[in-house]
2 protein chains.
Amino acid sequence: MFSKATEYALRATIYIAQKSSEEHKLGIDEIANAIDSPKSFTAKILQVLTRDNHIISSVRGPNGGFFLTQKSKKLPARSILLAMGDEDILEKCVLGLKQCSEIQPCPMHAQYKSIRKQLKELFMTKTIGQLATEIKDGVVFISNQ
Amino acid sequence: MFSKATEYALRATIYIAQKSSEEHKLGIDEIANAIDSPKSFTAKILQVLTRDNHIISSVRGPNGGFFLTQKSKKLPARSILLAMGDEDILEKCVLGLKQCSEIQPCPMHAQYKSIRKQLKELFMTKTIGQLATEIKDGVVFISNQ
DNA sequence: ACAATAAAAGATATTTTTGTCTTTTATTAT
DNA sequence: ATAATAAAAGACAAAAATATCTTTTATTGT
Ligand code: FES
Ligand code: FES
């Protein structure tokens, strides 16, 4: 479905949202370990989410690390897909045709458009904060073991 | 969603199902042109679908080419995903966790499982022949222009 | 000021995916 | 038999995705 980079981005952001605050920031080691992802590669991804997209916040130096603001927690999960350049899955033709339209629909269009709509709805309505909260509540998990 | 290879595989197979018969086979040039895909790359893909998976049939030499048997037309679209090794999208966790289960569900599991189920249902119930027939009827298209 | 810390930045490596080109083999029509 | 045809097979190339390692910069506590 998504690229490895996007998967790590989603997992990392949700994890940071769950565990961090402006007072308690998280280091890359803890994050990569928690979500079971390659450390340096994850660092690159967090850089993009931080520097280019301001979804994650970060501070260097002692007691530094990554954290999410309350504002960022209100962002929809889709904003992570947008940041990673992986949001076209919510729009494009399942058979890879250049454009998906009612005028020249592909043989799967009629059924697929409803599925894609639900997927888009999921990523547009669920916020990063909501996804994180469910982990805090212990009903869902983000660990890989 | 799918790899380029799988997209070409789906489009090519549906196209062949629509236009070919045991008496009228299709050449790789016509197929690649019709579905707007790189010729040699598509040839490799058709080779896999033919040699390894027997979804497509082929004959070499003059008046040779690719075609689909009636039996193959009854195969579900999912069989193409299986042949291309791209079927795990119908099974795996949307966040890329090693296993998707009710015991340790990810924060998106509850909503996503229903979407994934519909996607799986689509690829399991729609046959290659059905997808091709709709093109023949002129209600849907597989061209890219 | 200084040393320690942790992210940012940059360079490089590996693997996978995508794509092309050439040669070979099977089949058919003449 | 021979030549033409078209897929099969194999080698190779380019691009993108994934991953690692090193150096630099900002920040903080002493
Ligand atoms: S045209 Fe293929 S999904 Fe809409
Ligand atoms: S655990 Fe993530 S979709 Fe089921």
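Residue numbers start from 1 in every chain, and the chains themselves are labelled A, B, ... in the order their sequence lines are given, proteins ahead of strands. For clarity, every value in this text was computed on a predicted model and none was experimentally measured.
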(Q) Counting the atoms with a prime plus P, OP1 and OP2 as sugar-phosphate, which does B/Ile45 contact under 4.0 Å by heavy atoms, base, sugar-phosphate, or nothing? (A)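 Nothing: the residue B/Ile45, judged by heavy atoms under 4.0 Å, touches no strand.
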
Nucleotide N/O to protein N/O under 3.5 Å, stretch nucleotides 1-3 of chain D:
none

Grab the N/O contacts between the protein and nucleotides 17-21 of chain C below 3.5 Å, and write none if there aren't any.
from	atom 1	to	atom 2	distance (Å)
C/dT18	OP1	B/Lys4	N	2.9
C/dG19	OP2	B/Tyr8	OH	3.2

(Q) Test of understanding: with ring-ring contact (aromatic ring centres under 6.0 Å, His included), list the residues that count as partners of B/Phe66, not counting sequence neighbours. (A)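 With sequence neighbours excluded, B/Phe66 shows a ring-ring contact (aromatic ring centres under 6.0 Å, His included) to no residue whatsoever.
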
Q.
Using the ring-ring contact (aromatic ring centres under 6.0 Å, His included) criterion, which residues pair with A/Phe123? Sequence neighbours excluded.
A.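 By the ring-ring contact (aromatic ring centres under 6.0 Å, His included) rule, A/Phe123 matches A/Phe2.
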
Can you tell me which residue pairs pass the side chain to side chain donor-acceptor pair (under 3.5 Å) test with a partner in [range], sequence neighbours excluded?
{"range": "residues 37-46 of chain A", "value": "A/Asp29-A/Lys39, A/Ser37-A/Thr42"}
{"range": "residues 123-132 of chain A", "value": "A/Lys126-A/Glu134"}
{"range": "residues 65-78 of chain A", "value": "A/Thr69-A/Ser72"}
{"range": "residues 52-63 of chain A", "value": "none"}

Q: Please list all pairs passing the ring-ring contact (aromatic ring centres under 6.0 Å, His included) test where one or both residues lie in residues 24-43 of chain B, with sequence neighbours left out.
A: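 ring-ring contact (aromatic ring centres under 6.0 Å, His included) check on residues 24-43 of chain B returns B/Tyr8-B/Phe41.
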
**Q.** Residues in contact with DNA chain D, drawn from residues 14-23 of chain A - heavy-atom cutoff 4.0 Å
**A.**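 Hits under 4.0 Å, by residue number: none.
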
Q) Hey, does the side chain of A/Gln47 come within less than 4.0 Å of C/dA9's phosphate (OP1/OP2), counting only N and O? A)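 Yes, A/Gln47 has a side-chain N/O under 4.0 Å of OP1/OP2 on C/dA9.
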
**Q.** Five-pair end axes of the helix from C/dA1-D/dT30 to C/dT30-D/dA1, angle between them (10°)
**A.**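 The end axes of the helix from C/dA1-D/dT30 to C/dT30-D/dA1 are about 10° apart, to the nearest 10°.
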
Q: Using a strict 4.0 Å threshold on nitrogen-to-oxygen distance, state whether A/Lys120 and A/Glu91 make a salt bridge.
A: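 Salt bridge flag = yes for A/Glu91 with A/Lys120.
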
Which atoms of nucleotides 27-29 of chain C (N or O only) lie under 3.5 Å from a protein N or O atom, and what are those distances?
none

